[in-house]
There are 2 protein chains.
Amino acid sequence: MFRRVADVFEALAAPTRRAILDELTDRDGQSLFELCTRLTMKHGLAMSRQAISQHLEVLEAAGLVTTRREGRCKLHHLDTAPLRSIFERWPVEGLKGTRR
Amino acid sequence: MFRRVADVFEALAAPTRRAILDELTDRDGQSLFELCTRLTMKHGLAMSRQAISQHLEVLEAAGLVTTRREGRCKLHHLDTAPLRSIFERWPVEGLKGTRR
DNA sequence: AACATAGGCAAGCTACGACTTGCCTGTCAA
DNA sequence: TTGACAGGCAAGTCGTAGCTTGCCTATGTT
């Protein structure tokens, strides 16, 4: 699975995926079920397990989420490094690390 | 027209709109026709004038592009300020200006 | 006036993304 | 080894984003 720049933007396009990133920011290393319950509770999202799973695939393909097997659980970790490509592409005033 | 945070992400989701931002970064204040020709030349995009126009509407709704009437021309200007909300939402290492 | 240029409006097509449903696999505990 | 728990796979539905096409308005030029 390749990691194109476009993948990052497309991954961020869906509100549910942004909520997942929020959730992982709040508490890193959650399992699929953990994410499902917390998304339902805190974000009011009522979605199937598969829906979340598919979103996680997209996030992983974009490099925004990395996974780690732990027994029968799959733990998800946040990685915001790909976000840097956004600032590197367009200059944002008052933000260090941008160029061009 | 409201300006929600979600609008920024959705605006960035389409490759054509990102190309438009690139083009405006290269040369700010272009008219619709100017953008059309330059997108076709430099980015190899062969799209109708309406397509570009509609993309510009989305970008303007997101606050990433501002417009200014000049006679019969409508000039488009880049504004990357809304991009800051991305870094304010998730911490990006090595990037000043992020919080949380 | 007539014509060209720059853009807007509205309806319609089409492909793809977001979700669901149903069933199957793998791991751990009793 | 039987059952519960955590997750994967595949097919199918549905809405909407991204385009196009056709026609209309406004500004500028000759």
ask   = Checking only heavy atoms, does the side chain of A/Q54 share a donor-acceptor pair with the base of C/dT20 at less than 3.5 Å?
value = yes
query = Less than 4.0 Å between a side-chain N and a carboxylate O, is that true for B/K42 and B/D22?
reply = no
ask   = To the nearest Å, how far apart are B/F33 CZ and C/dT5 C1'?
value = 7 Å
task = Would you please say whether a donor-acceptor pair under 3.5 Å links the side chains of A/E60 and A/T66?
result = no
note = Contacts of B/Q50 and B/A13 projected onto DNA chain D by closest heavy atom; the upstream (5') one is B/A13
note = Among the nucleotides D/dA6, C/dA18, C/dT20, whichever has the atom closest to the side chain of A/A51 is C/dT20
task = Look at the side chain of B/R49 and decide which nucleotide, out of D/dC19, C/dG8, C/dT5, has an atom nearest to it.
result = C/dG8
Given DNA chain C, 5'-ward residue of the pair B/S31 and A/R17, judged by closest heavy atom = B/S31
Candidates C/dA10, C/dC19, C/dG8 - which lies nearest the side chain of A/H55 = C/dC19
Minimum-distance nucleotide (side-chain atoms of B/L32 versus D/dG7, C/dG8, D/dT27) = C/dG8
Contacts of type side-chain contact (heavy atoms from CB on, under 4.5 Å), residue B/Q30, not counting sequence neighbours = B/E23, B/L24, B/R27, B/E34, B/L35, B/R38
key: Identified side-chain contact (heavy atoms from CB on, under 4.5 Å) partner of A/L78 from the options A/D26, A/L59, A/D28, A/I20   = A/D28
query = Can you list, by residue number, the residues of residues 40-47 of chain B that have a non-hydrogen atom closer than 4.0 angstrom to DNA chain D?
reply = B/A46, B/M47
query = Of the nucleotides D/dA6, C/dT20, C/dG8, which one has an atom closest to the side chain of B/S53?
reply = C/dG8
